[in-house]
Q: 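Let me begin by handing over the structure; questions about it come next.
Bear in mind that the values here come from a model prediction, so they are computed numbers and not experimental data.
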There are 2 protein chains.
Amino acid sequence: MRPTVHDIAAAAGVSLATVDRVLNQRPGVRHVTREKVETAIRDLGYIRDVAAANLAKGRTYPLVFILPASDNSFMHGLNAEIRQAVLRSPAERTDIRIIEVPAFDPAALVSVLEGLSREKPCGIAMVATDAPEVRAVVDRLVRERFPIVTLVSDLTGSLRHHYAGVDNIAAGRTAARLLGRFLGPRKGEIAVLAGSMLVRDHRERLEGFAAVMAEEFPDLAILPVLEGRDDPEVAHRLVADALGNAGIVGIYSLGAGNRGLIRALKEKAADRTLTVVAHELTAHTRAALIDNTIDAILNQDAGHEVRSAIRILKAKADGLAVIAAQERIRLDIFLKDNLP
Amino acid sequence: MRPTVHDIAAAAGVSLATVDRVLNQRPGVRHVTREKVETAIRDLGYIRDVAAANLAKGRTYPLVFILPASDNSFMHGLNAEIRQAVLRSPAERTDIRIIEVPAFDPAALVSVLEGLSREKPCGIAMVATDAPEVRAVVDRLVRERFPIVTLVSDLTGSLRHHYAGVDNIAAGRTAARLLGRFLGPRKGEIAVLAGSMLVRDHRERLEGFAAVMAEEFPDLAILPVLEGRDDPEVAHRLVADALGNAGIVGIYSLGAGNRGLIRALKEKAADRTLTVVAHELTAHTRAALIDNTIDAILNQDAGHEVRSAIRILKAKADGLAVIAAQERIRLDIFLKDNLP
DNA sequence: CCAAACTTGATGTACGTAAATCAAAAAATC
DNA sequence: GATTTTTTGATTTACGTACATCAAGTTTGG
């Protein structure tokens with residue numbers, strides 16, 4: 001059997017109360033006594049039974065998820081996954097609240113975060129908007145000992161404890177290689193459809209994409225980025241216009257709004273053999289992959305991101321370790337053959 | 001607060017002891033009383049606190065992993081992941097034992113399984129050897145209420161509760177599409193290196209591969225399968241020989257023993273532009289992907305498989321639900337840009 | 001050396017469930 | 001209606017930890 005508090009008390013020659021004081025870092029223990037207890041803990045390999053401790057404490061984990069109020073499939077999916085997690089709350093002792101903030105609005109995000117510092121949740125997961133003032137509040141909250149993880153979009157250079165999302169530079173690079181390899185010896189131009197170059201993940205995807213294109217596929221030229229604002233209508237118009245250019249052989253869609261892209265492709269390019277790589281698996285992109293309108297989809301598993309964020313926040317709140325490999329968010333590549 | 005046993009006792013107008021009898025399916029409760037209690041449970045939305053229950057029971061989960069004693073990187077990796085899980089045992093209340101059986105030996109597997117039926121573990125995870133007699137014992141054990149999951153290699157048509165592994169037909173199909181698309185307009189022959197056609201997962205990969213090749217890439221012909229017995233030396237010899245054929249433009253390696261494949265490629269095909277798709281990410285295949293000897297790697301995450309198997313066995317033992325999406329084992333596709 | 005401050009022990013209750021025991025009540029059997 | 005059997009209640013202990021209280025012990029400082 002694994003050792004209990006009683007065993008350490010006996011081993012250290014102190015009372016249960018003293019062991020408790022050491023374990024929970026309560027005052028009133030002399031330095032030498034504390035060391036005796038800590039030695040016993042190490043020697044016996046004592047590990048606190050978190051389940052029993054939580055039971056005794058009646059602990060719950062109040063968590064807050066901060067999401068941009070964006071009306072696209074991916075954010076809807078992310079929201080749905082968090083609501084799934086809410087359903088599991090009783091079993092997981094979590095108490096999850098979702099706060100929506102206007103998208104691309106650092107000030108709004110900052111004020112929400114400042115409100116939270118009063119409310120004392122035991123963890124915050126946020127889709128970060130990349131701005132200095134956001135970084136500043138996040139750093140302050142981390143210093144005040146709030147566990148914070150960024151979700152989907154990171155806040156590089158901040159003190160956030162963890163990023164639950166994909167490596168977007170790698171995603172862009174992968175898209176470039178897929179597109180380049182699929183096109184083989186063909187030469188021509190590549191159209192890139194993004195949401196907005198103000199969003200860090202989109203910038204990073206483009207950066208990775210452009211890098212590999214330049215290094216390895218010099219016969220393919222990237223056209224100026226089309227900013228579709230993650231809006232299907234805008235995307236449709238931009239892509240339909242762009243397809244007037246007969247030199248386009250491939251498209252990389254690195255943001256949302258793929259519904260518009262797909263419609264434009266079906267209207268204007270049914271007769272052309274375009275190679276298309278898009279991000280985010282939704283009902284629309286899935287159908288387009290199956291009917292060969294899209295050739296490959298890169299995806300991040302929103303469910304995994306949410307579950308991972310929760311696990312990490314709980315672990316941080318308890319000062320426990322996590323299984324690193326389990327928390328790595330993969331870049332999923334879907335061809336029509338390996339769809340889930 | 002969520003309701004406790006006390007609340008249902010009060011609501012049903014019975015004593016705590018009776019609630020306990022109902023919850024734990026102990027005898028000595030009249031039918032009508034049992035129904036009263038069950039109604040109260042539903043009405044109040046009572047959920048048993050598994051942590052408290054496990055604490056009270058002093059429950060541990062004795063689990064058994066049965067693996068083939070194969071000396072290849074993948075099985076070593078799988079073994080290592082299980083040992084990692086053993087290290088987490090205290091926190092997870094598991095008690096994991098690994099049993100190795102001779103590979104490809106249904107009789108050995110059967111006798112181990114029969115031995116287990118006496119020992120009463122609360123769950124069994126096994127890399128299945130696909131044979132009728134194995135299916136028979138598995139079905140018998142499942143009927144005797146042992147939770148069983150197959151790992152890596154499935155036992156189709158048996159009553160096993162779950163399969164923690166990838167869809168190998170989809171894997172083969174994906175490999176074919178990658179190879180076909182990467183080769184583009186090139187015509188020629190494709191060499192396939194397998195471990196053994198006696199193993200179900202290898203047969204399935206080939207089946208999926210051949211299907212897509214036939215449907216979509218008629219200019220590429222599949223050569224007779226090279227059976228490398230998952231052994232680097234054998235694989236090396238077979239591939240080196242095969243490369244005498246100048247018509248080969250691509251290789252699909254669907255088993256283990258890739259070290260031999262890679263060496264053969266470097267010796268005999270450094271000057272040729274072969275397209276190569278291989279399975280399983282190891283130190284060797286990773287290096288080969290980076291230096292362009294291999295173009296894509298398909299992988300199954302052994303760590304995920306092990307953790308998933310454990311979660312599922314525990315859930316089955318407690319009669320609880322699992323998060324289906326979390327337990328789906330992805331087919332990972334790695335290009336040199338999205339390596340972990 | 002005495003008082004104040006600090007340190008430690010002893011003890012009890014709680015968390016939500018499991019499981020056992022024994023007594024009492026109800027139902028079924030004759 | 002008495003007897004046996006079944007059902008139910010009441011109560012207790014336990015799991016491993018948290019946390020509070022109070023008494024007793026040990027150090028300090030003056």
Side-chain angles (χ1 to χ4, degrees), chain A residues 1-41 44-61 89-93 95 122 317-320, chain B residues 1-41 44-61 89-93 95 122 317-320:
Chain A
M1 283 300 279
R2 53 193 273 200
T4 72
V5 276
H6 296 85
D7 300 322
I8 349 181
V14 301
S15 78
L16 253 174
T18 304
V19 175
D20 182 71
R21 287 176 188 121
V22 173
L23 277 175
N24 296 291
Q25 319 182 59
R26 269 186 270 275
V29 184
R30 230 188 332 163
H31 188 69
V32 281
T33 316
R34 167 157 277 135
E35 296 220 310
K36 267 199 303 189
V37 174
E38 277 164 355
T39 307
I41 290 176
L44 297 188
Y46 168 80
I47 315 162
R48 191 200 233 95
D49 183 327
V50 186
N54 283 345
L55 178 62
K57 277 193 282 208
R59 191 184 202 339
T60 55
Y61 299 83
S89 276
E92 298 178 347
R93 306 188 101 87
D95 176 14
C122 85
D318 293 336
L320 298 177
Chain B
M1 285 300 279
R2 53 193 273 202
T4 73
V5 277
H6 296 86
D7 300 322
I8 6 179
V14 301
S15 78
L16 253 174
T18 304
V19 175
D20 181 70
R21 287 177 188 121
V22 173
L23 278 175
N24 295 292
Q25 319 181 61
R26 268 185 271 276
V29 183
R30 229 186 336 160
H31 187 69
V32 282
T33 315
R34 167 159 276 136
E35 295 221 312
K36 268 199 303 188
V37 174
E38 278 165 354
T39 307
I41 289 176
L44 297 188
Y46 169 79
I47 317 161
R48 189 201 232 97
D49 183 328
V50 186
N54 283 345
L55 176 61
K57 278 193 279 209
R59 188 178 200 351
T60 55
Y61 299 83
S89 277
E92 298 179 347
R93 308 188 98 87
D95 177 14
C122 84
D318 292 337
L320 297 177

Q: All N/O contacts under 3.5 Å from nucleotides 19-27 of chain D to the protein, with atom names and distances to one decimal?
A:
from	atom 1	to	atom 2	distance (Å)
D/dC19	OP2	A/Arg26	NH1	3.0

Q: Distance check needed: D/dT17 C1' versus A/Gln25 CD, whole Å only.
A: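 Distance check: A/Gln25 CD to D/dT17 C1' gives 15 Å.
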
Q: Examine distances only and state if a side-chain atom of A/Arg59 and a backbone atom of A/Ala53 form a donor-acceptor pair shorter than 3.5 Å.
A: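 Not a single qualifying donor-acceptor pair exists.
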
Q: Nearest 0.5 angstrom please: A/Leu23 CG to A/Glu38 CD, how far?
A: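 Those atoms lie 9.0 Å apart.
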
Q: Give the rounded distance in Å between these two atoms: CG of A/Asn54 and C1' of D/dT17.
A: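 Atom-to-atom, A/Asn54 to D/dT17, this comes out as 10 Å.
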
Q: Please give me the minimum heavy-atom distance between B/Ala12 and B/Ala40, naming the atom from each residue.
A: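 Heavy atoms only, the tightest pair is CB-CB, 3.9 Å.
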
Q: To the nearest Å, how far apart are A/Asp49 CG and D/dC15 P?
A: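 Taking CG of A/Asp49 and P of D/dC15, I get 12 Å after rounding.
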
Q: Could you check which residues of residues 31-40 of chain A get a heavy atom under 4.0 Å from DNA chain D? Sort them by number, please.
A: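 Correct list: empty, so none.
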
Q: If you round to the nearest 0.5 Å, how far is OG1 of A/Thr18 from CZ of A/Arg26?
A: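 Going from the CZ atom of A/Arg26 to the OG1 atom of A/Thr18 covers 11.5 Å.
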
Q: Output the distance between atom CG (B/Asp20) and atom CD1 (B/Ile8), rounded to the nearest 0.5 Å.
A: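 If I round to the nearest 0.5 Å, the distance is 10.0 Å.
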
Q: What residues, two or more places apart in sequence or in another chain, satisfy side chain to side chain donor-acceptor pair (under 3.5 Å) together with B/Tyr46?
A: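 Partners of B/Tyr46 by the side chain to side chain donor-acceptor pair (under 3.5 Å) criterion come out as none, since no residue qualifies.
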
Q: For the residue pair B/Asp7 and B/Arg2, what are the closest heavy atoms and their distance?
A: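 In terms of heavy atoms, the two residues are closest at OD2-O, 4.4 Å.
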
Q: Is there side-chain contact between A/Asp49 and B/Arg93, with at least one heavy-atom pair below 4.5 Å?
A: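 Result yes, sub-4.5 Å side-chain heavy-atom pair found.
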
Q: What's A/Gly28 touching, base or sugar-phosphate or nothing? Going by heavy atoms closer than 4.0 Å.
A: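 The residue A/Gly28 makes base contact.
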
Q: From the 5' end of DNA chain C to its 3' end, which nucleotides mark the outer limits of contact with chain A, defined by a 4.0 Å heavy-atom distance cut-off (strictly under)?
A: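 Nucleotide range with atoms under 4.0 Å of chain A: C/dT7 to C/dG16.
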
Q: Name the residue closer to the 5' end of DNA chain C, choosing between A/Leu16 and B/Ala52 according to the nucleotide with the nearest heavy atom.
A: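 This one resolves to A/Leu16.
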
Q: Do any of residues 4-14 of chain B sit with a heavy atom less than 4.0 Å from DNA chain C, and if so which?
A: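 Within this stretch, B/Thr4, B/Val5, B/His6 sit under 4.0 Å of the strand.
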
Q: CG of A/Leu55 to CG of B/Asn54: how many Å apart, nearest 0.5 Å?
A: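 Atom-to-atom, A/Leu55:CG and B/Asn54:CG are 11.5 Å apart.
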
Q: As an exercise, state the distance from OG1 of B/Thr39 to CG of B/Leu44, rounded to the nearest 0.5 Å.
A: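 One finds 10.5 Å between OG1 of B/Thr39 and CG of B/Leu44.
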
Q: Just N and O in the side chain of B/Thr18: are any of them under 4.0 Å from OP1 or OP2 of D/dG9?
A: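 Checking B/Thr18 against D/dG9: at least one side-chain N or O falls below 4.0 Å of OP1 or OP2.
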
Q: Tell me, please, which residues at least two apart from A/Arg48 pass salt bridge (Lys or Arg N to Asp or Glu O under 4.0 Å).
A: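 Residues passing salt bridge (Lys or Arg N to Asp or Glu O under 4.0 Å) with A/Arg48: none at all.
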
Q: May I ask you to test the A/Thr33-A/Val22 pair for a side-chain heavy-atom distance under 4.5 Å?
A: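 No, side chains not in contact.
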
Q: So which atom in A/Ala51 and which in B/Ala51 form the shortest heavy-atom distance, rounded to 0.1 Å?
A: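 Nearest pair, atom of A/Ala51 first, then B/Ala51: CB-CB, 3.9 Å.
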
